[in-house]
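Have a look at the structure below, then the notes.
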Amino acid sequence: MTNITKEIIENKLGKIILDNKKSLPESNIIEGISHKDGHVQISLYANKENEEEIEKISKIVEKELISIPGMLSVTAVLTNEPSNEKKSSKMQPVNKIEGIKNIIAIASGKGGVGKSTISINIASAFSSIGKKVGILDADIHGPSVPHMLGLKGKPEVNNKKKIIPFEFGDMKVMSIGFLLNDDQPVVWRGPMVHSAIKQMATDTDWGELDILIIDMPPGTGDAQITVSQHLPLDGAIIVSTPQPVALNDAIKAIGMFKKVNIDIIGIIENMSYLLLGDGTKENIFGENGAKEMSKRLNIKFINEIPLDKKIRESSDNGIPFVIACPESPTKDIFISSAKAIEKILN
Ligand SMILES: Nc1ncnc2c1ncn2[C@@H]1O[C@H](COP(=O)(O)OP(=O)(O)OP(=O)(O)O)[C@@H](O)[C@H]1O
Ligand SMILES: [Mg+2]
């Protein structure tokens with residue numbers, strides 16, 4: 001623990017005077033500041049015209065804040081400036097979403113490693129052990145949860161002015177995919193990503209949930225910043241394949257969550273091996289990569305999930321594998337993963 005307070009940080013920022021002769025806080029370019037135990041993350045608004053200038057300011061901010069005695073790390077990030085949208089109230093972090101006990105994000109550095117597959121199957125595993133589950137698909141660039149759960153249509157709004165989530169079995173489902181038109185590509189700007197994700201999280205009528213699982217887009221962009229800085233996240237699960245490229249990107253994603261003080265619940269290695277007819281395992285993408293990485297980074301290794309044609313097929317048929325193939329031993333891996341996650345959360 002350190003004694004660094006919000007006031008100390010604001011005081012320091014107030015002493016940074018910009019070319020407009022105003023102090024940094026007066027210049028309305030701070031989107032948000034989060035700090036915990038000597039680690040600070042600050043995001044600054046930038047647009048195409050002033051990006052270079054804001055980049056320079058961000059370096060000054062980092063230098064000034066790290067000079068505060070006891071400060072351990074400072075990260076200044078640039079975020080797209082909202083145009084007509086108001087900067088103030090929309091950008092406030094949400095402290096609690098009524099009725100939801102735990103919120104976790106399923107994230108990865110590299111795309112296509114199986115985040116969505118793991119999200120819907122871990123969700124189904126939680127549901128099958130009697131938990132009330134919600135799935136929030138925050139993949140703004142390629143929402144795949146609707147397809148993987150065979151859900152279609154536009155959500156309706158109830159008399160409490162809340163979005164009625166879709167349902168799969170007992171699970172509540174909300175996806176950015178329900179809000180977009182299939183055939184229109186969307187060009188997302190930072191603030192749009194922010195308000196879309198925040199609205200889905202807070203304006204959906206989830207009811208009582210034991211756990212809300214957020215399926216993230218790959219990488220470390222605007223969606224990650226919104227989820228980690230503005231939603232009451234209990235932790236993130238990092239999915240990786242055993243390949244070195246995926247592992248390197250996973251390390252970057254872990255670094256990003258750690259910087260904003262989000263706990264890493266653990267690592268799930270996906271596509272770890274192919275189970276052959278004679279019971280032997282073929283390590284197509286390499287061996288033990290994520291396991292060794294988790295040891296090195298002192299992060300819990302939750303499980304390895306095999307490459308299984310039925311996992312792909314069931315997703316394409318709109319039914320999570322855990323529900324479609326209840327007899328499979330791989331189903332038990334998902335169930336034990338859910339139990340391990342539950343244990344860590346408690
Ligand atoms: N263990 C597995 N066995 C077989 N197929 C799998 C497995 N995991 C994922 N897949 C398949 O791999 C493809 C990519 O998986 P998925 O869409 O879940 O990845 P993602 O990380 O969410 O991708 P994106 O980064 O695009 O969101 C899908 O077709 C999925 O069915
Ligand atoms: Mg996905």
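Model, not experiment: these values are computed from the prediction.
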| query | Are the charged groups of K56 and E52 less than 4.0 angstrom apart, N to O? | reply | no
| Are side-chain N/O atoms of S336 and N303 paired as donor and acceptor at under 3.5 Å? | yes
| So if you build clusters from Ile, Leu, Val, Met, Phe, Trp, Tyr with side-chain heavy-atom gaps below 4.5 Å, do M271 and F301 land together? | no
| remark: Rounding to 0.5 Å, atoms OG (S67) and NZ (K12) come to a distance of 3.5 Å
| task | Would you check if the side chain of D139 reaches a backbone N or O of G142 as a donor-acceptor pair within less than 3.5 Å? | result | yes
| Are the side chains of K331 and N121 in touch, meaning some heavy atoms are under 4.5 Å apart? | no
| Passing option when D205 is tested against K161, K172, K160, K162 for side-chain hydrogen bond (donor to acceptor under 3.5 Å, both in side chains) | K160
| request: Assess whether side chain to side chain contact (heavy atoms under 4.5 Å, CB included) is satisfied between I122 and I268, documenting all intermediate values. | output: CA-CA 11 Å; I122 293 287; I268 293 183; 4.2 Å; yes
| request: Spell out, yes or no, whether L307 and I311 are grouped together once hydrophobic residues are joined by side-chain heavy atoms under 4.5 Å, including indirect joins. | output: no
| To the nearest 0.5 Å, what is the distance between CG (L345) and CD1 (I104)? | 6.0 Å
| message | Among I60, I68, I66, which residue satisfies the side chain to side chain contact (heavy atoms under 4.5 Å, CB included) criterion with E64? | response | I60
| said: Please determine whether residues L247 and M216 belong to a single hydrophobic cluster, defined as Ile, Leu, Val, Met, Phe, Trp and Tyr linked transitively by side-chain heavy-atom distances below 4.5 Å. | reply: yes
| task | Verify side chain to side chain contact (heavy atoms under 4.5 Å, CB included) between M174 and W206, making sure each step is shown before the conclusion. | result | CA-CA 9 Å; M174 185 59 204; W206 298 106; 3.5 Å; yes
| request: Drop me the distance from T75's OG1 to L65's CG, to the nearest 0.5 angstrom. | output: 10.5 Å
| Same cluster or not: are I323 and L149 linked, directly or through other Ile, Leu, Val, Met, Phe, Trp or Tyr residues, by side-chain heavy atoms under 4.5 angstrom apart? | yes
| task | Could you walk me through whether F126 and I213 pass the side chain to side chain contact (heavy atoms under 4.5 Å, CB included) test, one step at a time? | result | CA-CA 10 Å; F126 268 114; I213 294 176; 4.1 Å; yes
| query | Of the options V239, T117, I214, I120, which is the one that meets I106 in a side chain to side chain contact (heavy atoms under 4.5 Å, CB included)? | reply | V239
| Does E269 reach the main-chain N or O of N288 with its side chain, forming a donor-acceptor pair under 3.5 Å? | no
| To the nearest 0.5 Å, how far apart are CE in M200 and CG in D137? | 7.0 Å
| message | Classify the ring geometry of H230 against H194: parallel below 30°, tilted from 30° to 60°, perpendicular beyond 60°. | response | perpendicular
| request: Establish whether V133 and I164 are linked, either directly or via other cluster members, by ILVMFWY side-chain heavy-atom contacts under 4.5 Å. | output: no
| Greater than 12 external heavy atoms within 6.0 Å of N158's CG | yes
| request: Look at atom CG of D170 and say whether more than 12 heavy atoms of other residues, nucleotides or ligands are closer to it than 6.0 Å. | output: no
| request: Would you check if N20 and S27 make a side-chain contact, meaning some heavy-atom pair closer than 4.5 Å? | output: yes
| task | Test side-chain hydrogen bond (donor to acceptor under 3.5 Å, both in side chains) on S43 and T79 and set out the steps. | result | CA-CA 6 Å; S43 40; T79 173; over 6 Å; no
| message | Under a 3.5 Å threshold, yes or no: a donor from one side chain and an acceptor from the other, between K115 and S108? | response | yes
| From CA spacing to verdict: side chain to side chain contact (heavy atoms under 4.5 Å, CB included), N248, K252 | CA-CA 7 Å; N248 286 340; K252 280 186 209 150; 5.8 Å; no
